[in-house]
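First the structure, in the form of structure tokens, and then the observations on it.
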Amino acid sequence: MALPKAKADATEARLANLTLPSGGADWAQSARQDALSRLSAMGLPGARDEYWRFTRPDTLNSPAPEQAALFQNDEKPLFEEIERLKIVFRDGVLDRASSDDFELEGLEIETLGDATAKDIHWAKDVFGVLETRGQTPVHRPFGALNTAFATEGLVIRATGNVTKPVSLIYRHEDENSDAMLHLVIKVEQGASLTVLENGPAAARWNKSMEVEVADAGSFHHIRAQGRDHERVAVTHIFARIGAQSLFKSFTLTANGRMTRNEAFIEMAGDEGIAHIAGAALGDGTFHHDDTVFITHDAVACESRQVFKKVLRNGAVGTFQGKILVKEGAQKTDGYQISQSLLLDEDAQFLAKPELEIYADDVACSHGSTSGAIDEDALFYLRARGVPLKQAQDLLTLAFLAEAIEEIEDEAIADDIVERLDGWLSRRS
Amino acid sequence: MLKIENLQVKLEEEDKQILKGVTLEVPAGAVHAIMGPNGSGKSTLSYVLSGRDGYEVTGGAAELEGEDLLELEPEERAAAGLFLAFQYPVEIPGVGNMTFLRTALNAQRKSRGEEELSAADFLKLIREKAKSLKIDAEMLKRSVNVGFSGGEKKRNEILQMAMLEPKMCVLDETDSGLDVDAMKLVAEGVNALRSEGRSFLVITHYQRLLDHIKPDVVHIMADGRIVKSGGPELALEVENNGYADILEEVA
Ligand SMILES: Nc1ncnc2c1ncn2[C@@H]1O[C@H](COP(=O)(O)OP(=O)(O)O)[C@@H](O)[C@H]1O
Ligand SMILES: [Mg+2]
């Protein structure tokens with residue numbers, strides 16, 4: 001079917017200056033070529049697409065990014081106190097000299113370039129494969145774009161219990177950078193891995209992460225998307241998780257003109273657990289979109305989606321979340337909550353929670369709310385002597401608590417809470 | 001300690017006068033009780049004293065140790081030594097009971113120019129006070145009042161009072177919904193705090209509580225006014241004959 005003209009034009013314009021990377025092994029080249037074909041067939045998102053009803057794709061579609069001022073961050077870097085393996089990217093380009101050696105027990109890390117140049121590599125079964133699975137039933141054009149064109153990235157394999165988190169640090173140093181980064185991650189049977197990401201990354205950022213968690217494996221992901229106000233970002237998580245495995249992802253977004261974080265998670269083995277959570281803080285020019293799709297395709301799996309947004313001064317938050325329970329996925333336990341705290345009357349929250357269930361023995365619940373600070377709670381705190389601003393901040397943190405609780409590691413959670421505190425205390 | 005003079009209050013949103021001239025003085029160290037039928041304005045009085053939104057003072061005054069209460073923000077009133085034990089304590093999901101109390105205590109100390117209490121000292125203090133009110137560690141860890149029974153909520157109010165050591169304690173129906181044992185516990189908690197420098201205004205429906213917390217003066221409130229004041233025997237009279245006689249007598 002031919003694309004509508006507007007879409008075809010936008011796609012063509014976007015692709016005009018891009019060339020497929022060369023020098024990869026056959027499998028990698030064909031994965032990239034396939035991704036490009038997919039993208040050409042589906043086209044970039046249009047304003048009329050149902051999946052883009054709440055979020056305008058313009059800033060992501062345009063051939064070149066808009067300039068994004070650099071932000072002088074005076075806070076001490078996130079995760080600083082945490083023992084970790086640090087890998088630094090500047091505007092999406094690996095800075096090997098500023099990074100630690102890629103050496104840690106139970107862990108293999110290669111650059112995307114090195115891995116895709118090898119004729120035989122395990123990444124063949126993940127790279128572009130999970131993204132392709134994520135294109136049904138809904139198109140995710142920027143995921144395909146990323147598979148086709150990203151040259152930067154890492155290929156990470158955990159074969160045992162990796163004791164230190166792998167910490168990806170994304171620096172934004174060029175006001176006009178247009179970066180794409182692709183992560184391919186495999187957690188082998190019974191292995192465990194934590195990946196941390198932080199930083200604003202680029203003026204325009206397209207990041208894709210494909211994660212395969214084998215049976216009894218566990219994967220933790222905590223990311224913070226920096227404090228830059230003008231950057232735009234679209235990110236994807238494509239995950240497939242096996243029997244009795246654990247997948248947990250938490251994202252903190254404070255500021256940013258435009259962010260769309262998509263996640264597509266398939267629960268492919270019995271008794272798997274997948275939790276995905278987010279805390280977003282927006283003040284002023286801020287559009288934040290969480291789009292989540294979790295498929296239960298096995299018995300007795302548990303999934304949780306917990307998304308909280310604090311919005312003020314014109315900020316917009318959106319949430320589209322789906323739990324799909326396939327035929328035979330009995331004993332599914334699915335939970336989804338999306339909530340916004342509107343600190344004034346200019347802020348806006350749009351939500352579309354969805355359940356689609358084809359099994360009869362399941363427990364699924366979802367809810368979405370939007371509201372102001374609870375006046376009774378505020379008065380109660382003040383009547384005990386807590387000053388107004390402090391009481392508001394305390395209640396705002398309390399609102400976010402359910403999302404923060406999804407971070408298992410206490411030290412990391414404390415670090416995130418400190419950021420939230422900082423963001424709140426900078427506002428009157 | 002607390003001096004209320006001809007206090008008149010209406011609802012902000014509605015043209016409805018609720019307090020129609022309340023006059024009351026609680027000296028330092030004294031315990032006064034307010035009794036009265038439902039809807040007579042007792043809770044409204046406690047809210048207006050503590051600074052809740054939604055009310056408009058149309059006349060009169062309220063002072064705490066000579067300081068104009070009505071000019072102060074709720075948190076300033078608390079720091080000045082006023083405490084209200086709520087008739088309906090508020091649930092605050094996501095704020096731990098301990099965090100709440102420590103934040104409140106330190107905020108009050110800070111605003112009075114006192115040093116903040118260290119985490120260790122705070123812990124020691126709260127454990128000791130919680131124990132006497134039979135509040136266990138688990139309850140302290142939970143979110144403020146979330147999942148607490150009616151009795152637990154009221155005991156939690158008294159715990160807060162014990163920790164914050166206010167000068168002027170207003171208790172709004174702290175006894176309602178309590179069984180006999182819980183009421184004794186609450187009364188003991190209150191009595192333990194009685195001292196020369198601390199005053200109480202105990203709002204209640206029942207004589208029961210006043211058996212345990214002996215008041216110096218009992219006021220009867222009806223339709224936004226104190227219609228009669230007297231000694232503890234007034235509470236007994238209410239207990240035996242209800243309000244009808246008193247209201248008729250003053251009508
Ligand atoms: N916020 C409010 N909105 C509407 N009516 C109110 C409000 N607060 C108090 N009232 C009314 O004022 C009167 C006194 O209420 P209240 O002070 O709660 O009495 P009491 O505590 O003595 O039972 C009642 O008629 C009550 O309905
Ligand atoms: Mg009342």
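The chains referred to below are lettered A, B, ... by the order of the sequence lines, with proteins before strands, and numbering in each begins at 1.
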Within a radius of less than 6.0 Å around [atom1] of [X], do more than 12 heavy atoms belonging to other residues, nucleotides or ligands occur?
{"X": "Arg427(A)", "atom1": "CZ", "answer": "yes"}
{"X": "Glu12(B)", "atom1": "CD", "answer": "yes"}
{"X": "Glu56(B)", "atom1": "CD", "answer": "yes"}
{"X": "Lys389(A)", "atom1": "NZ", "answer": "yes"}
{"X": "Glu114(B)", "atom1": "CD", "answer": "yes"}
{"X": "Glu410(A)", "atom1": "CD", "answer": "no"}

Where is the tightest heavy-atom contact between [X] and [Y], given as atom of each residue plus distance?
{"X": "Ala383(A)", "Y": "Ala78(B)", "value": "O-CB, 3.3 Å"}
{"X": "Pro93(B)", "Y": "Ala398(A)", "value": "O-CB, 3.4 Å"}
{"X": "Gly385(A)", "Y": "Ala107(B)", "value": "O-CB, 3.3 Å"}
{"X": "Val386(A)", "Y": "Ala104(B)", "value": "CG2-CA, 3.7 Å"}

[atom2] on [Y] to [atom1] on [X], rounded to 0.5 Å:
{"X": "Tyr88(B)", "Y": "Tyr380(A)", "atom1": "OH", "atom2": "OH", "answer": "14.5 Å"}
{"X": "Leu381(A)", "Y": "Glu75(B)", "atom1": "CG", "atom2": "CD", "answer": "10.0 Å"}
{"X": "Leu394(A)", "Y": "Thr99(B)", "atom1": "CG", "atom2": "OG1", "answer": "7.5 Å"}

If one checks every heavy atom of Pro166(B) against chain A at 4.5 Å, the contacting part turns out to be neither

**OP:** Please look at Asn145(B) and chain A and tell me whether the side chain, the backbone, both or neither of the residue comes under 4.5 angstrom of a heavy atom of that chain.
**Re:**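 For Asn145(B), the contact with chain A is made by the side chain alone.
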
Given Asn106(B), Val95(B), Leu84(B), Val90(B), the one with more heavy-atom pairs under 4.5 angstrom with chain A than any other is Val90(B)

When heavy-atom pairs shorter than 4.5 Å are enumerated against chain A, which of Met161(B), Gln160(B), Arg77(B) gives the highest number?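 Ranked by heavy-atom pairs under 4.5 Å with chain A, first place is Gln160(B).
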
- Item | Proximity breakdown for Leu378(A) and chain B, heavy-atom pairs closer than 4.5 Å |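 Contact with chain B: none, neither part.
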
Whatever's closer than 4.5 Å to a heavy atom in chain B on Gln390(A) counts as side chain

* Show your working on side-chain contact (heavy atoms from CB on, under 4.5 Å) between Arg52(B) and Asp376(A) and close with a plain yes or no. => CA-CA 9 Å; Arg52(B) 191 187 189 119; Asp376(A) 289 335; 2.5 Å; yes

Tell me whether the NZ or CZ atom of Arg384(A) lies within the 45° cone about the ring axis of Phe83(B) and under 6.0 Å from its centre. yes

**Q.** Salt bridge flag under 4.0 Å for residues Asp53(B) and Arg382(A)
**A.** no

